[in-house]
Protein chains: 2
Amino acid sequence: MKLPIPGQPVRGSKTGAPIMALLDLLGRSWAMGIVWHLYSGPSTFRKLQDYCESISPTTLNKRLKELKDSYLIERTVNGYALTEQGKELYELIEPLGSWAKIWAKNFK
Amino acid sequence: MKLPIPGQPVRGSKTGAPIMALLDLLGRSWAMGIVWHLYSGPSTFRKLQDYCESISPTTLNKRLKELKDSYLIERTVNGYALTEQGKELYELIEPLGSWAKIWAKNFK
DNA sequence: CATGTCACTACGTTTTTTGTAGCAAAACTA
DNA sequence: TAGTTTTGCTACAAAAAACGTAGTGACATG
């Protein structure tokens with residue numbers, strides 16, 4: 001799966017509309033989960049693997065590369081961490097957390 | 001791929017934390033794209049297929065079923081449409097649209 | 001120098017998604 | 001009302017993505 005780059009054809013848009021590139025990136029398995037987790041602080045590869053519970057190292061490594069190449073995360077001395085932009089993105093999706101709790105009531 | 005149900009094990013959480021169930025659902029190919037598109041109004045199966053440009057009917061049908069079973073979309077006389085909850089969800093992710101435009105500048 | 005930890009890579013298997021074709025039902029059209 | 005479109009799918013084979021296990025090289029620890 002190649003990196004979705006705004007301005008180039010991506011899943012959902014031949015012209016590469018930024019939102020579609022972003023949704024392509026985030027719509028891959030574990031991508032949002034990784035961002036979600038990293039907001040609580042930098043994490044090592046192994047800890048991310050533990051956190052994700054069932055992600056394969058292959059997939060984790062791929063997602064990390066993609067997120068790095070998309071300027072959302074970076075490697076620091078403490079492990080993988082959100083960039084400033086990554087934090088911005090997290091803050092945009094953060095409201096999903098409390099909304100999800102309400103949404104969950106449907107399933108009872 | 002089975003429907004991620006809050007309270008049951010889902011990708012990223014053995015206990016089925018609502019946010020993880022939601023991220024599992026939305027982290028499947030085309031899921032957010034479908035929600036994004038439907039906010040502009042109800043759409044038929046064929047129109048969604050056109051809009052998504054490269055989704056297979058098999059996958060579109062699966063995603064629609066999942067979103068229906070998750071109370072985010074429903075069938076109306078005008079085709080598939082967001083439920084009230086689906087609209088709420090859209091409004092939460094809407095800010096991604098304008099943020100994506102800024103994010104896109106990284107790639108130049 | 002032996003042992004452990006860490007960040008991966010290799011690789012074969014399973015699961016998901018694609019792409020093309022086609023079909024039955026409903027809606028238009030002559 | 002018979003024929004044509006349109007619609008909402010399903011079937012199925014092929015391609016791609018993700019998994020799971022094993023293992024490797026780099027670095028730290030004792």
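Letters go in sequence order (proteins before strands), and every chain restarts at 1. Because the structure is a prediction, the values reported are computed rather than measured.
For A:Arg28, no side-chain nitrogen or oxygen approaches OP1 or OP2 of D:dA16 to under 4.0 Å. Phosphate contact (OP1/OP2 of D:dT6, side-chain N/O of B:Thr44, threshold under 4.0 Å): absent. The side chain of A:Tyr80 places an N or O atom within less than 4.0 Å of a non-bridging phosphate oxygen (OP1 or OP2) of C:dC8. Phosphate proximity of C:dC8 to A:Arg75: present, with a side-chain N or O under 4.0 Å from OP1 or OP2.
Distance A:Phe45 CZ to D:dG25 P: 18 Å, rounded to the nearest Å. Rounded to an integer number of Å, the gap from A:Asp24 CG to D:dA16 C1' is 14 Å. Regarding A:Asn61, its CG atom lies at a distance of 12 Å from the C1' atom of C:dA10, rounded to whole Å. Across the protein-nucleic acid pair, A:Leu48 atom CG and C:dA7 atom C1' stand 12 Å apart, rounded to whole Å. Whole-Å rounding puts the B:Met1 CE to D:dA18 C1' distance at 9 Å. The CG atom of A:Asp50 sits 12 Å away from the C1' atom of C:dC6 (whole-angstrom rounding).
By the side-chain hydrogen bond (donor to acceptor under 3.5 Å, both in side chains) test, B:Asp69 is found to be paired with no residue, residues two or more places apart in sequence or in another chain being considered. Under the rule for a side-chain hydrogen bond (donor to acceptor under 3.5 Å, both in side chains), the partners of B:Glu91 that lie at least two apart in sequence or sit in another chain are B:Tyr39. In this view, A:Phe107 and A:Trp103, B:Tyr71 satisfy the ring pair (Phe, Tyr, Trp, His ring centres under 6.0 Å) rule, not counting sequence neighbours.
Pairs of residues two or more places apart, or lying in two chains, that qualify as side chain to side chain donor-acceptor pair (under 3.5 Å) and include a residue from residues 75-86 of chain A are A:Gln85-B:Asn106.
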Protein and nucleotides 27-29 of chain D: nitrogen or oxygen contacts under 3.5 angstrom:
none

(Q) Strictly under 4.0 angstrom, non-hydrogen atoms only: write out the protein contact profile of nucleotides 18-25 of chain C, one letter per nucleotide from the 5' end, B, S or -. (A) BBB-----

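The side-chain heavy atoms of B:Leu26 and A:Leu26, taken from C-beta on, include no pair separated by under 4.5 Å. When side chains are defined from C-beta on, B:Leu64 counts as touching B:Ile73, because their heavy atoms get closer than 4.5 Å.
A side-chain N or O of A:Ser29 and one of A:Arg63 form a donor-acceptor pair less than 3.5 Å apart.
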